[in-house]
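A quick write-up on the structure given underneath.
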Amino acid sequence: MSKKRIYEIARELGVSSKELIDKLEELGMPGLKAANSVDDEESSLIVHLYEEGQADKDQTPTETESPIKPSTKPAAPATRKASASTAKPRGSTRPPIVSVLGHIDHGKTTLLDAIRKSHLAAKEAGGITQGIAAYQAQLHGQKITFIDTPGHKAFTGMRARGAQVTDIAILVVAADDGVMAQTVEAIDHIKAAGVPIIVAINKIDKSNADVGRVINDLAQHGLLPEAWGGDTISVEVSALQGTNIDELLEMILLVAEMGDLQADPKNPVEAAIIESHLVVGQGPVATVVVRDGTLRVKDWAVAGVAQGRIKALLDGAGNRVEEALPGDAVSILGFCDLPEVGTQIEIVKNQGQAKKLVQQYQRDKLPQAAPRARTLDDLFSTKEEAAKLKVILKAETTGGLEAARREIASLHVEGVELDILVSGVGDISESDIVLASTVTEECLAVGFGVGADPKVLKLAEREGIPVLLYDIIYHLVDEIESALKRQLGPSYEERAMGSLEVRNLFKAPSGTIAGCYVTEGRVERRAKIRVIRNNAEVFSGDIASLRRFEDDVREVQSGRECGVRIRDFNDVQVGDRLQAFVLEEVER
C-alpha cells in the first residue's frame with residue numbers, strides 16, 4: 001500500500017499545509033503534522049473531509065471570503081528585472097535562508113554540491129552560485145537561499161554580533177559514523193540560535209550505514225525524530241548519488257511555510273554581512289543576505305564602522321543587478337572600510353547621516369573596548385546585580401559528566417538561575433569558548449577531569465570567559481556555588497556602635513554641625529548615623545565629619561562631647577537622638 005504525506009495532499013488540494021492541518025483539526029482530526037505519512041484510505045478520507053468542509057463554507061459566503069480553487073500549476077517565480085511592486089507584493093513570503101552544519105567529513109560540501117547540480121537557479125537573474133558564499137536553489141518554483149559557511153563557528157560568530165540571518169539549519173549526520181563530537185557542538189550552536197533543525201542523515205548508500213543508530217543518537221541529544229513520535233524532521237539522503245535531495249528541499253519549504261516567513265520590498269532594509277574581503281582593483285567587497293526590504297545601487301549603506309554609497313550589486317555569477325530583494329544574496333561594492341561579518345546593514349539618506357551613524361556606533365563600542373574580566377573574582381566584582389549564571393560543562397567520561405551535572409543541578413541559591421548551557425565529554429574547545437562569548441548572561445567554561453590547550457585558554461582570556469578546571473568534583477561544585485552567591489552581590493548585617501544626644505547646633509559653611517554627647521558605646525568617623533526624633537527615624541546616612549574641639553578625630557568614646565556633621569542632612573535638631581552603626585559583610 002502506497003503512502004502519502006500531508007504536505008503532498010495539501011499541494012494537490014492547492015492549499016498550504018498549515019491551512020489543511022488547521023481545517024482537519026476543526027473537523028475532528030487533530031495531531032497531524034505536515035510530514036506525517038498516511039495510507040491511500042486515510043488520504044482519501046482527508047481529501048473528502050476537506051472538500052466537504054469547503055463545500056459547507058462555500059454555501060455561506062461572505063464579502064471577504066471566496067472559495068479556494070485547487071491549482072495544479074505553481075506560480076512562476078518573480079524575475080530580478082520585475083519591479084518591487086509586481087515581483088514581491090506587500091506581505092508576501094520570502095525564500096527561507098538555510099545554513100548547513102555538521103561533523104567534518106559527514107558530507108556537508110557534497111550535499112551542497114548535489115543541490116547545486118540539480119536545483120541551482122542558474123537561469124534566473126537572481127540565481128547565486130558558489131562563488132558568493134551563498135546561492136539559491138528552487139523547487140516547484142519556490143526559492144531557497146543557502147549560506148555556504150565554513151561551519152558552526154562562523155554560524156555562531158554571526159549570531160554573536162546580532163545577525164539573525166539563518167531561518168533553518170540543516171544538520172548533516174553520516175549514517176555510517178553517527179553523532180560525533182562536532183555534531184554535538186553543531187546541535188548546541190543551533191539550539192542556542194533558536195532556529196528550526198532539519199536532520200539530513202547522509203551516506204545511506206554505504207554498506208555499513210546504520211540509520212537506526214543515528215536516530216537513537218539524535219534522541220539522546222534532544223532531537224527526537226518524527227519516526228519515533230518526536231518533532232524533529234529527518235530525511236535519509238545520499239549526497240553522492242543524489243538520493244532524496246528533492247525530499248530534503250521539500251522539508252525545507254515545509255518548515256519555511258510553517259514559519260510563515262514574511263517580507264515586503266517596501267519595508268526598511270534588513271540585511272546582514274555574511275562575508276567580507278578585499279579585492280584588488282575593487283576595494284572592500286561585502287556579501288550580504290537580504291531578509292526584508294530592498295537593497296539598491298546608489299543607496300547610502302552603513303555596516304558597523306564601514307559606510308559608503310553602493311556602487312554596484314553583483315550576483316554570484318558576477319553580473320550586475322540593480323536591486324536585491326528579500327531572500328537574495330549579493331556582493332556590495334562601495335564601502336570605504338571592510339565591514340565585520342555579522343554586522344547589520346542600515347540604509348540612510350546621505351553621507352552626512354552615514355558618518356554620524358558610524359560615529360555613534362564607535363561611541364557605543366567604546367565601553368566594550370575596556371579589558372574584560374579575566375578571573376572569576378574580577379568577573380563578578382564588575383556586576384552589581386545579576387540573575388543568571390550559565391555554565392558550559394565538559395568532563396573526561398560520560399559517568400563523570402552525569403555526576404557533575406547531578407551535583408550542579410542540586411545547587412540552589414535563591415534569586416539566581418543556574419543553566420547548564422552545553423555539556424559533553426572531552427576537553428574544553430575553541431567552539432565552547434566561541435559559544436560562551438555569544439551569551440548575554442555571565443558564562444563559565446568548567447572542566448571536570450579535562451583540560452584546555454594554550455590556544456583555547458588564550459581565546460578565553462581574550463573573550464573574557466573564565467575557564468575553571470577541577471579534578472575533584474566537590475571543589476568544582478563549591479566554586480560554582482560561590483559564583484552563584486557572588487551573582488547576588490554581598491550580604492550585610494547591621495552592628496550597633498553607640499548612641500549620642502544632640503545638645504547644641506552650630507552653623508558652618510559646610511552645613512549644620514550637631515554638638516553631641518556620647519551616652520553609650522562610641523562613635524567612629526567611618527560609621528553610619530541614624531537620626532531619631534520622637535521615637536521615629538527621620539534620616540539615615542553617613543557621617544561627613546567628626547570633631548572633638550578643633551581637631552578631626554577617628555572616634556569618640558562614651559562620656560565625651562563631639563561635633564558631628566551628617567552628609568546631605570542639615571535638619572538636625574536639639575533633642576534628637578543619634579544612633580551610630582556599621583554594616584558588616586557576611587557570607588551568604
Is any side-chain heavy atom of [X] less than 4.5 Å from a side-chain heavy atom of [Y]?
X: Asp217; Y: Ile215; answer: no
X: Val467; Y: Ile433; answer: yes
X: His103; Y: Val173; answer: no
X: Leu393; Y: Leu401; answer: yes
X: Ile187; Y: Leu223; answer: yes
X: Leu411; Y: Val477; answer: yes
X: Leu435; Y: Val422; answer: yes
X: Val290; Y: Leu325; answer: no

Spacing of [atom1] belonging to [X] relative to [atom2] belonging to [Y], to within rounding of 0.5 Å:
X: Leu253; Y: Lys143; atom1: CG; atom2: NZ; result: 13.0 Å
X: Thr243; Y: Leu248; atom1: OG1; atom2: CG; result: 12.0 Å
X: Ile97; Y: Thr145; atom1: CD1; atom2: OG1; result: 6.0 Å
X: Lys108; Y: Asp113; atom1: NZ; atom2: CG; result: 12.5 Å
X: Glu257; Y: Thr93; atom1: CD; atom2: OG1; result: 9.0 Å
X: Asp188; Y: Ile392; atom1: CG; atom2: CD1; result: 8.5 Å

Smallest separation among heavy atoms of [X] and [Y], with atom names:
X: Ser437; Y: Glu463; result: CB-OE1, 3.6 Å
X: Ile168; Y: Ala256; result: CD1-N, 3.9 Å
X: Gly178; Y: Thr183; result: O-OG1, 4.4 Å
X: Phe335; Y: Ala301; result: CE2-O, 3.7 Å
X: Cys443; Y: Pro466; result: O-CD, 3.7 Å
X: Ala174; Y: Val214; result: O-CG2, 3.9 Å

Under the salt bridge (Lys or Arg N to Asp or Glu O under 4.0 Å) test, which residues partner [X], sequence neighbours left out?
X: Glu247; answer: Arg5
X: Glu250; answer: Arg11
X: Asp419; answer: Lys390

Between the main-chain N or O of [Y] and the side-chain N or O of [X], is there a donor-acceptor pair closer than 3.5 Å?
X: Asn244; Y: Glu236; result: yes
X: His475; Y: Asp471; result: no
X: Lys394; Y: Asp427; result: yes
X: Thr343; Y: Pro339; result: no
X: Arg94; Y: Arg291; result: yes

Only pairs under 3.5 Å count here: list side-chain donor-acceptor contacts from residues 447-460, not counting sequence neighbours, and write none if there are none.
from: Asp453; atom 1: OD1; to: Lys455; atom 2: N; distance (Å): 3.0
from: Asp453; atom 1: OD1; to: Val456; atom 2: N; distance (Å): 2.8

(message) Tell me which one of Thr166, Leu261, Val255 satisfies side chain to side chain contact (heavy atoms under 4.5 Å, CB included) with Pro96.
(response) Leu261

(message) What verdict does the side-chain contact (heavy atoms from CB on, under 4.5 Å) test give for Leu139 and Ile252, after you've listed the backbone C-alpha separation in whole Å, the side-chain angles of each residue and the deciding distance to 0.1 Å?
(response) CA-CA 10 Å; Leu139 187 71; Ile252 293 171; over 6 Å; no

(message) Could you work out, with side chain to side chain donor-acceptor pair (under 3.5 Å) as the rule, every residue matching Arg405, not counting sequence neighbours?
(response) Ser423

(message) Do the side chains of Arg213 and Asp177 get close enough for a salt bridge, i.e. N-O under 4.0 angstrom?
(response) no

(request) Could you walk me through whether Ile144 and Gln136 pass side-chain contact (heavy atoms from CB on, under 4.5 Å), step by step? (result) CA-CA 5 Å; Ile144 303 170; Gln136 284 185 325; over 6 Å; no

(request) Consider only side-chain N and O atoms of Asp432 and Ser429, and report whether a donor and an acceptor are under 3.5 Å apart. (result) yes

(request) Run the numbers on Glu407 and Ile473 for side-chain contact (heavy atoms from CB on, under 4.5 Å), then give the verdict. (result) CA-CA 8 Å; Glu407 292 296 328; Ile473 193 168; 3.8 Å; yes

(message) Using side-chain contact (heavy atoms from CB on, under 4.5 Å), reason through Val330 and Leu314 one step at a time and then give a plain yes or no.
(response) CA-CA 6 Å; Val330 291; Leu314 308 177; over 6 Å; no

With a cut-off of 3.5 Å and sequence neighbours excluded, list every side-chain donor-acceptor pair involving residues 194-206.
from: Asn202; atom 1: OD1; to: Ala239; atom 2: N; distance (Å): 2.9
from: Asn202; atom 1: ND2; to: His106; atom 2: O; distance (Å): 3.1
from: Lys203; atom 1: NZ; to: Asp105; atom 2: O; distance (Å): 2.6
from: Asp205; atom 1: OD1; to: Ser238; atom 2: OG; distance (Å): 2.7
from: Lys206; atom 1: NZ; to: Asp176; atom 2: OD2; distance (Å): 3.3

